Amino acid sequence: MSVLEKTASQKAIDLENKHGAHNYHPLPVVLSKGEGVYVWDVEGKKYYDFLSAYSAVNQGHCHPKIVDAMTNQARTLSLTSRAFYNDMLGKYEKYASDYFNFDKLLPMNTGAEAVETALKICRKWAYEKKGIDVNEAEIIVCENNFHGRTTTIISFSNDPVARKHFGPFTKGFIKIEYDNIEALKEVLENNKNVAGFLVEPIQGEAGVYVPSENYLKEAKALCEKHNVLFIADEVQTGIARTGRLLATCGNCSCENKDCNGTPDVKPDVLILGKALSGGAYPVSAVLANNEIMSVIEPGTHGSTFGGNPIAAAVAMAALDVVSEEHLAENAYRLGNIFREELNRYIATTDTVTLVRGKGLLNAIVINDSEESDTAWNICLRLRDNGLLAKPTHGNIIRFAPPLVMTEAELRDCISIIIKTLKEFE
Ligand SMILES: *Cc1c(COP(=O)(O)O)cnc(C)c1O
């Protein structure tokens with residue numbers, strides 16, 4: 001190939017750079033096809049996907065059952081808006097509510113919208129059920145959280161890049177240290193206006209921080225004591241990713257009996273997104289019981305696309321796949337193998353400090369400064385070696401393959417990862 005002739009990949013990258021807003025910094029690889037745990041670039045090179053679109057593609061790329069549900073529904077009825085009923089939404093609401101053991105579901109599209117919805121429900125509940133003075137409600141959030149990109153959500157982010165020059169910010173949030181039960185206790189005991197506690201069961205974007213053993217359980221107990229809603233953002237951790245149906249597995253239908261390690265917690269408000277559609281379509285949801293969800297009345301909240309028939313069909317198929325293919329169990333088993341093998345390697349090297357995670361939501365910390373580009377360079381080399389992953393922050397690389405992976409494939413991936421890391425010793 002002549003040096004002047006650009007590759008198909010370079011052309012696609014140039015187009016995005018020239019005509020798209022630069023709100024991401026993608027790894028330079030241009031994908032055009034996916035199937036199961038694999039993706040292919042425009043030149044035909046095959047990779048293991050070790051990010052799964054931030055855990056949206058838990059069920060694997062282009063899962064036939066999900067694609068069938070989507071295409072069949074797309075040919076039948078795609079959108080009615082909520083001005084009229086449709087014959088799929090109720091079925092889906094019943095299906096998903098039973099699946100996660102809540103009374104009701106409120107359908108939205110993206111994760112950030114579902115988080116916004118949960119915050120609105122929480123505030124309304126605070127005024128109408130708890131009796132907090134109007135406009136005085138506070139919601140506790142955690143440092144280093146990631147809940148999305150809307151103006152309100154970034155108001156309580158502490159990522160300077162996510163916030164800079166996007167003010168003024170939404171009031172009514174109190175930030176405490178993650179995994180610090182005393183900090184939560186202190187705020188709850190000293191502030192009668194607290195309406196809710198919004199928390200990620202594992203902080204994914206922050207770098208896969210797993211809180212200590214009893215944190216969520218104790219936090220839930222404190223919330224109950226103070227009549228405060230425990231709101232779990234399981235957009236990333238949910239739907240089998242961490243080796244259980246939910247990372248806060250209160251009373252779920254997960255078949256995995258061997259899930260000791262995470263305390264049982266049933267959130268008052270559950271936020272789902274990403275894998276709720278298996279990555280086929282933007283589908284998110286908020287689930288809660290009647291006494292909470294009843295604060296939502298006609299006209300108080302909505303979305304043109306939320307709860308559309310395609311979304312409903314896709315989500316039911318995506319949840320079916322999770323239980324039919326025992327994805328929670330598989331994530332649990334493969335996750336243990338992954339950390340065991342990585343730990344075995346880490347004991348022999350200075351390149352990697354540690355591996356942490358649950359199920360197939362894991363991260364390694366590279367032994368270099370947060371400002372270094374070592375993790376980025378490792379991801380470039382992983383790409384060259386046929387595996388796609390991306391740093392979360394500076395020196396942390398998240399590893400989150402589709403949950404449909406087999407043990408043989410996982411072991412192949414582990415050898416690619418270790419071989420690559422050895423190139424950086
Ligand atoms: C991805 C994510 C969101 C936001 O979801 P979008 O669909 O990108 O808006 C919210 N919370 C968590 C924990 C996430 O991982």
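FYI, side chains are in, hydrogens and waters are out, and symmetry mates aren't considered; it's all heavy atoms of this structure. Indexing begins at 1, ligand by ligand and atom by atom, following the structure's order. What you are looking at is a predicted structure, and each value in this text was computed from that prediction instead of being measured.
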Please determine if [X] has a nitrogen or oxygen closer than 3.5 Å to a nitrogen or oxygen of ligand 1.
X    : answer
Q236 : yes
E200 : no
E205 : no
V115 : no

So which atom in N158 and which in R163 form the shortest heavy-atom distance, rounded to 0.1 Å?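 Between these two residues, the closest heavy atoms are CA-CD, 4.4 Å.
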Those atoms of ligand 1 less than 4.0 Å from some heavy atom in [X]:
X    : answer
F146 : 1 (C), 2 (C), 3 (C), 11 (N), 12 (C), 13 (C), 14 (C)
A112 : 4 (C), 5 (O), 6 (P), 9 (O)
G111 : 4 (C), 5 (O), 6 (P), 7 (O), 9 (O)
D233 : 10 (C), 11 (N), 12 (C), 13 (C)

Less than 6.0 angstrom from the centroid, inside 45 degrees of the normal: does K266 satisfy that with respect to the ring of F102?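 Yes.
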K274: heavy atom below 4.0 Å from ligand 1, yes or no?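 Contact check K274 vs ligand 1: positive.
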Does the residue Y54 have a heavy-atom contact with ligand 1, meaning some pair of atoms that are separated by less than 4.0 Å?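 Per 4.0 Å heavy-atom rule, Y54 does not contact ligand 1.
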Are any non-hydrogen side-chain atoms of V115 and T150 less than 4.5 angstrom apart?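 Answer no - side chains too far apart.
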Using only atom types and a distance under 3.5 Å, with no angle test, would you say the side chain of K220 pairs donor to acceptor with the backbone of V265?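 Checked: no pair found.
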For atom NZ of K65, decide whether the heavy atoms of other residues, nucleotides or ligands shown that lie under 6.0 angstrom number more than 12.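 Yes - once you tally the heavy atoms of other residues, nucleotides and ligands closer than 6.0 Å, there are more than 12.
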Regarding Y209 and D179, is there a side-chain donor-to-acceptor distance under 3.5 Å anywhere?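 Judged by distance alone, the side chains do not pair up.
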Could you tell me whether R411 and E407 have a side-chain N and a carboxylate O separated by less than 4.0 Å?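 Salt bridge present between R411 and E407.
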Set of ring pair (Phe, Tyr, Trp, His ring centres under 6.0 Å) partners for Y48, sequence neighbours left out: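 If we apply the ring pair (Phe, Tyr, Trp, His ring centres under 6.0 Å) test to Y48, skipping adjacent residues, the hits are Y38.
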Any protein heavy atom < 4.0 Å from atom 9 (O) of ligand 1: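 So far as the 4.0 Å threshold goes, atom 9 (O) of ligand 1 is in reach of a protein heavy atom.
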